[in-house]
Structures are given as structure tokens and as C-alpha cells.
Amino acid sequence: MDHINLKARAKINITLDVTGVRDDGYHELKMIMQTVELYDGVYIKKIEKPIIKLKSNLEWLPKDERNLAYRAAALIREKYGIKEGVYIELRKAIPVAAGLAGGSSDCASVLYGMNKLFDLGISRKTLAEIGLTLGSDVPYCLMRGTALAEGRGEILTRLPSCPKAWVVLAKPPMGLSTAAVYKAIDRAKEIYHPNTEAVIEAIKDKDLHKMARNLLNVLETVSMEMCPMVGEIKRRFMETGAIGSLMSGSGPTVYGLFESRKIAQSSAETIKEEFGLRDVALTKIYNV
Ligand code: C5P
């Protein structure tokens, strides 16, 4: 095998709760994660030259150590003494710096792909441990599907599959720094915590409406202050037929959940036009 083609899928948060701050400054989290179909294409090819060459359809994307996919390949080469190099091509479709784990998912795909391509036999557990050194969401991105993520995001418990739904993703043009959002939550006065157990119940019962009613992300209020469009898009999702809407991760992407593809499509078009957004995507829940 000299090359591999992978799909690095995006995730959304069904819930996100902060339960404490750790000594290392990271936040203790409790969140329900869900993969959606939208993906970045990740192509990895062995090359003789002992270098990592990264290419992407996005001109402005960093192609060096600042890119998690690059770092993943570099780390595996170094750790496992690989002489050959790799050429990696990222076909980005997931909005960048959006709360959709696009970078983490690309990183997870490169870890998975390097393991396969060089026949390294790295266990899932070790791969997840390596992934965690690169980013908090990487272990989940290796796992995919419906999961409860705790700790920094690395303590993962598989949940029953989330009920099927159409998902519209809408990203305001401004980016939000994850670190800044987490910092702001420490100073926030009003904090609304999700009822994680009720959502797990709803997922177990395949009760989409109950799940949709209980969507909650503790970071939403602080992100909304930094980017008011988050709240405005959320309101428009509900007015245009979504059964639930929430900001994903630390934002700023807001998603709407829909039972009908037709209503989802028309809501996506309305929101794209009204807010003049470039990044609006119609996708659906992806179960493993
Ligand atoms: O781990 P990752 O590099 O994705 O995290 C980016 C930033 O988000 C961290 O530097 C930290 O400020 C914040 N963060 C946090 N608690 C977490 C995950 C991320 O405070 N559990």
C-alpha cells in the first residue's frame, strides 16, 4: 500500500458542560459529541524524500507545524522511526476555526492513515493517547459516532446512536479563539448547564424531539457576547422550522436540526442569504 484516501468528518456538540477548572488550566468537560456526514478529504501518499509535504485547496491554510495534520505525521514519523516521507492533501469542506473539530478530525485521519500505511500496528488506545497530545478533540475524532466525552474530552463513553436528523451548519464570518472563550466562561456570571442525563435518556429512547428540546452549550452565552450573530442565527433557525438549534463547541458555528430535508434546505438558503454567509452546509447525523 503506498497511499490511502480517508474522510475526516466534522462533529457537533449535542451538549457541552464545563464542570470545573483543572490545575493545568484546562477545563473539566462533560459533553455529548456527534459526528455529521460533512467531511474533509484526506489523501496520504508515501514519498521517498524524508519530508512531510502538505497541500490543501485552501491557499491560506498553514502547511507546516501550525497545522495539526502536519504535526500528526511528524510525530508518527519520529516516534516510529519512519525513514520515508509523506505527501498529504487536504480537501477542506469543514469550515475552519468553527467549533466543528475540522482540524482535529484531519489530525485523527492522519494518525489513523499513518498507522495503516506504514503497517505500524498501533493500538486504538495508544493512537488516542498520541492524539490527545495534539488536541483535546482528537481522541473523539478517532472514535466517531455518538459519545459522552469527559475530562479534557479524552474520557470517552460510547452512547447508542443518535436519532437521524438533517443538520444545517452556519458559520458567522468571524473566528473565535477557543482559549479566549474558555477564559471568558471563568468570568461569566450567568451559566446555564445542560441536563446531560436527560439528553442521554432521549438518545436511548430515539426521541429526537426530546433531544432537540434539551440542546445546551454552556459556552454559548459568552460566545454570543463576542459574536452576537450566534444568537441571531439561532433565532432564525428556530423561526425557519428547526426543531432545535445550538452553537457547536466553542463556536462560532450554529447548527439547526431538522426532520425534513426540504425544510432544512430552505432554512439553509434563507440563513445564507439573510446573513450573507459563505459557510452554510446541509448535512446529516452520521452514525458509525
Ligand atoms: O486542546 P486544544 O488545543 O484543542 O485546546 C485549545 C484551548 O482551549 C486550550 O489551550 C485551552 O485554553 C482551551 N481548553 C480548555 N479546556 C479543555 C479544552 C480546551 O480550557 N478541556
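Whatever order the structure lists them in is the order used to number ligands and atoms, beginning at 1.
Legend: residues meeting side-chain contact (heavy atoms from CB on, under 4.5 Å) with Arg213, ordered by chain and number and at least two apart, are His209, Lys210. For Glu190, there are no salt bridge (Lys or Arg N to Asp or Glu O under 4.0 Å) partners at least two apart in sequence or on another chain.
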Considering only N or O atoms, set out every pair between ligand 1 and the protein closer than 3.5 Å, with distances to one decimal place.
unit_1   : atom_1 : unit_2 : atom_2 : d
ligand 1 : 1 (O)  : Ser136 : N      : 3.1
ligand 1 : 1 (O)  : Ser136 : OG     : 2.5
ligand 1 : 1 (O)  : Arg152 : NH2    : 3.4
ligand 1 : 16 (N) : His27  : N      : 2.8
ligand 1 : 20 (O) : His27  : N      : 3.4
ligand 1 : 20 (O) : His27  : ND1    : 2.7
ligand 1 : 21 (N) : His27  : O      : 2.9
ligand 1 : 21 (N) : Arg152 : O      : 3.4

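Across Val167 and Tyr255, no two heavy atoms sit closer than the pair CG1-CB, 4.0 Å.
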I'd like a table of donor-acceptor pairs (distance under 3.5 Å, sequence neighbours excluded) in which one partner is a side-chain atom from residues 88-100, with atom names and distances.
unit_1 : atom_1 : unit_2 : atom_2 : d
Glu89  : OE1    : Tyr87  : OH     : 2.5
Lys92  : NZ     : Asp40  : OD2    : 2.5
Lys92  : NZ     : Asp106 : OD2    : 2.9

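Ser104 and Tyr140 are not linked by any side-chain donor-acceptor pair at a separation below 3.5 angstrom, with hydrogens and angles left out of the test.
Other residues, nucleotides and ligands contribute more than 12 heavy atoms inside 6.0 Å of the CZ atom of Arg22.
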